[in-house]
Amino acid sequence: MASAFTSAFEYAPAPESRSVVDIAPSYGLFIDGEFTEAADGRVFKTVSPSTEEVLSEIAQAGEADVDRAVKAARRAFGAWSALPGAERAKYLFRIARIIQERSRELAVLETLDNGKPIRETRDADLPLVAAHFFYYAGWADKLDHAGFGSSPKPLGVAGQVIPWNFPLLMLAWKIAPALATGNTVVLKPAETTPLSALFFADVCRQAGLPRGVVNILPGYGDTGAALVAHPDVNKVAFTGSTAVGKAIAKTVAGSRKKLTLELGGKGANIVFDDAPIDQAVEGIVNGIFFNQGQVCCAGSRLLVQESIQEELLESLKRRLSTLRLGDPLDKNTDIGAINSEEQLTRITSLVEQGEAEGAERWSPACELPNAGYWFAPTLFTNVTQAHTVARDEIFGPVLSVLTFRTPDEAVAKANNTPYGLSAGVWTEKGSRILAVANKLRAGVVWSNTFNKFDPTSPFGGYKESGFGREGGRHGLEAYLDV
């Protein structure tokens, strides 16, 4: 066990058992209620980022498979959309309960396939996944009262493409409102994390969901592109990189497909001189080192008032020295593995660029495991707004520290980014929180906390962070003809 922990005592390893989940040697595509091979027989392997062990072989969907899945979803749409909302709600409630019952299996599976610590999948991801299905089940028979006119209608077939950083949670964000509003779904999980989506296909069967209502197509970018471009898809929902989001927007332009994009971010975490330092440090750590910083709304830019910079950095470095990096299945682990070799290469390259540009790099003493993809928690000081590490989304456990003197300067620096997904404000003054939050161009602003999510609260961005909202009542609109 690699560790950065120094104390009068050491934690003994506390591994979660892998035996609680059965991973099949191979998985097919899930189309029309059945697992099936890809039309051209193509497969790919999914590996565990913490060990580089091959977990399973997965069928790779091509254009013919996308067409099959969209046709299955279209066939299922008539009967599914005609069900009374209360009947659709029963299926969503059932799915939510099964997820709760099987949450231990799902948490282990997600940790193995994604690399994030079991503490996060068990305590954050899975409770939120179930909560989203419970929440949207509650809306299914109340759509007339959602503020979108009387008797709003579903759109039809939703094509959904999700990322690898929160595989099951992003699936829930997409599928729960789509089903509640009477749409059917074809979903493409990320190629590095297909297992929990395929496990979810089994949950749908267990819940008795009618055939074709949910279809799961693992594959690479070309699979997602074929799904987005399919002429019989009525709604496209995408979470992922800004570059891919722009390409999708071009593809659907003029097609009358409804589109929501949740893209990249470079969130500012603003700490004023009257903030509770210890609480702020915990929020900063949670903001950027949760899920190894592979979070679109991560607080990757720390804006600290000049007068408390020294005190805050001292406290932050002390806290980082207690973070435990290592086996993601160990319940004591704080920092897990980076999701893929490709992502690790990107993080490494951007961090080296930061050093070359003159920013000062610091990491706690931290021994990295020999196998797998690992990056030590890192912070940069002496950062200016011109530095690459302050401008580009790194999507890793890397924090850039900038300073400010006045609230206006803090707002100007926070908004000096092409992104606009999230921000945090730390101060004891409620009036200051409201005044600053109103000036920040960010879809979600947290006050004296960070990375708090709730299915009742809408989430989404401005500018290059995308458009449309997921979660809450607002999340229904994307799946209704209003």
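Below, each value reflects all heavy atoms present in this structure, side chains not excepted, and no hydrogens, waters or symmetry copies.
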K.L.:
Regarding Arg119 and Asp334, does a basic nitrogen lie under 4.0 Å from an acidic carboxylate oxygen?
P.N.:
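Here Arg119 pairs with Asp334 in a salt bridge, since their nearest N and O are under 4.0 Å apart.
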
K.L.:
Assess the pair Trp173 and Phe459: is the distance between their ring centroids shorter than 6.0 Å?
P.N.:
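Yes, close enough.
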
K.L.:
Main chain of Ala275, side chain of Thr427: is a donor-acceptor contact present, judged purely on distance under 3.5 Å?
P.N.:
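Pair absent, no side-chain N/O of Thr427 close to backbone of Ala275.
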
K.L.:
Within 45° of the six-membered ring axis of Tyr462 and under 6.0 Å from that ring's centre, is NZ or CZ of Arg469 located there?
P.N.:
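That pair qualifies as a cation-pi contact.
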
K.L.:
Show your reasoning for whether side chain to side chain contact (heavy atoms under 4.5 Å, CB included) applies to Gln160 and Met170.
P.N.:
CA-CA 10 Å; Gln160 304 176 327; Met170 292 299 102; over 6 Å; no

K.L.:
Is a donor on one side and an acceptor on the other found under 3.5 Å between the side chain of Trp164 and the backbone of Asn114?
P.N.:
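Here the side-chain-to-backbone pair does not exist.
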
K.L.:
Side chains of Ile347 and Ile394: does their closest heavy-atom pair fall under 4.5 Å?
P.N.:
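Ile347 vs Ile394: side chains touch.
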
K.L.:
Using the ring of each side chain (for Trp, its six-membered ring), is Phe30 parallel, tilted or perpendicular to Phe35, with breaks at 30° and 60°?
P.N.:
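Judged by the thresholds at 30° and 60°, the geometry between Phe30 and Phe35 is tilted.
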
K.L.:
Phe166 vs Phe453, test: ring pair (Phe, Tyr, Trp, His ring centres under 6.0 Å). Steps then yes/no.
P.N.:
CA-CA 13 Å; Phe166 292 92; Phe453 296 97; 7.3 Å; no

K.L.:
Could you check whether any side-chain heavy atom of Val228 comes within less than 4.5 Å of a side-chain heavy atom of Lys257, counting everything from C-beta outward?
P.N.:
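Side chain of Val228 against side chain of Lys257, heavy atoms only: no contact under 4.5 Å found.
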
K.L.:
Is there a donor-acceptor pair under 3.5 Å between the side chain of Lys266 and the backbone N or O of Asp392?
P.N.:
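Present.
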
K.L.:
Is the NZ or CZ atom of Arg432 both under 6.0 Å from the centre of the six-membered ring of Phe272 and within 45° of that ring's axis?
P.N.:
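Ring-cation test returns yes.
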
K.L.:
Parallel, tilted or perpendicular for Trp446 and Phe450, by the 30°/60° rule?
P.N.:
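Ring orientation of Trp446 relative to Phe450: tilted.
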
K.L.:
For Asp202, is there an ion pair with Arg102 - N to carboxylate O distance below 4.0 angstrom?
P.N.:
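Asp202 and Arg102: salt-bridged.
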
K.L.:
Please determine which of Asp113, Leu55, Ile216, Leu217 meets the side-chain contact (heavy atoms from CB on, under 4.5 Å) test together with Pro194.
P.N.:
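The side-chain contact (heavy atoms from CB on, under 4.5 Å) with Pro194 is passed solely by Asp113 among Asp113, Leu55, Ile216, Leu217.
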
K.L.:
Strictly distance-based, threshold 3.5 Å: is any side-chain N or O of Lys188 a donor or acceptor partner for the main-chain N or O of Val66?
P.N.:
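Flag not set: sc Lys188 to bb Val66 has no pair under 3.5 Å.
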
K.L.:
If we ignore hydrogens and angles and just use 3.5 Å, is the side chain of Arg301 paired with the main-chain N or O of Ser400 as donor and acceptor?
P.N.:
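No: the side chain of Arg301 does not pair with the backbone of Ser400.
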
K.L.:
Is there a donor-acceptor pair closer than 3.5 Å between any side-chain N or O of Lys153 and the backbone N or O of Ser81?
P.N.:
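Between the backbone of Ser81 and the side chain of Lys153 there is no qualifying donor-acceptor contact (under 3.5 Å).
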
K.L.:
Spell out, as yes or no, whether a donor-acceptor pair under 3.5 Å connects the side chain of Ser340 to the backbone of Gln343.
P.N.:
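Pair found, side chain donor or acceptor close to backbone of Gln343.
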
K.L.:
Is the shortest side-chain heavy-atom distance between Arg473 and Phe148 below 4.5 Å?
P.N.:
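Yes. Closest side-chain heavy atoms under 4.5 Å.
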
K.L.:
I'd like to know if the side chain of Asn438 and the backbone of Leu434 have a donor-acceptor N/O pair within less than 3.5 Å.
P.N.:
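Checked: pair present.
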
K.L.:
Of Leu171, Ile95, Leu179, Val186, which is the lone residue that meets side-chain contact (heavy atoms from CB on, under 4.5 Å) with Val214?
P.N.:
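Of all the options given, the one that passes is Leu179.
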
K.L.:
Output yes when Lys413 and Glu409 qualify as a salt bridge under the 4.0 Å nitrogen-oxygen rule, no when they do not.
P.N.:
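A salt bridge links Lys413 with Glu409.
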
K.L.:
Give a yes/no verdict on a cation-pi contact between Arg88 and Tyr91, requiring under 6.0 Å between NZ or CZ and the six-membered ring centre and an angle within 45° of the axis.
P.N.:
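Geometry flag: not set, cation outside 6.0 Å or 45°.
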
K.L.:
Would you say Lys116 and Asp125 make side-chain contact, with heavy atoms under 4.5 Å?
P.N.:
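Sidechains of Asp125 and Lys116: in contact.
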
K.L.:
Is there a side-chain contact between Ile23 and Leu195, using heavy atoms and a 4.5 Å cut-off?
P.N.:
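A side-chain contact exists here, since the closest heavy-atom pair is under 4.5 Å.
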
K.L.:
Can you tell if the side chain of Leu402 reaches within under 4.5 Å of the side chain of Gln385, non-hydrogen atoms only?
P.N.:
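Yes, at least one pair of side-chain atoms sits under 4.5 Å.
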
K.L.:
Do any N or O atoms from the side chain of Thr111 and from the backbone of Val108 form a donor-acceptor pair under 3.5 angstrom?
P.N.:
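Side chain of Thr111 to backbone of Val108: no pair is present.
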
K.L.:
Are any non-hydrogen side-chain atoms of Val70 and Leu227 less than 4.5 angstrom apart?
P.N.:
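Side-chain contact under 4.5 Å: yes.
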
K.L.:
With side chains defined as the heavy atoms from C-beta onward, is the minimum distance between Phe134 and Pro455 less than 4.5 Å?
P.N.:
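No - every pair of side-chain heavy atoms lies 4.5 Å or more apart.
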
K.L.:
Could you check whether atom CD of Glu53 has more than 12 heavy atoms from other residues, nucleotides or ligands sitting under 6.0 Å from it?
P.N.:
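Atom CD in Glu53 is crowded, with more than 12 foreign heavy atoms closer than 6.0 Å.
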
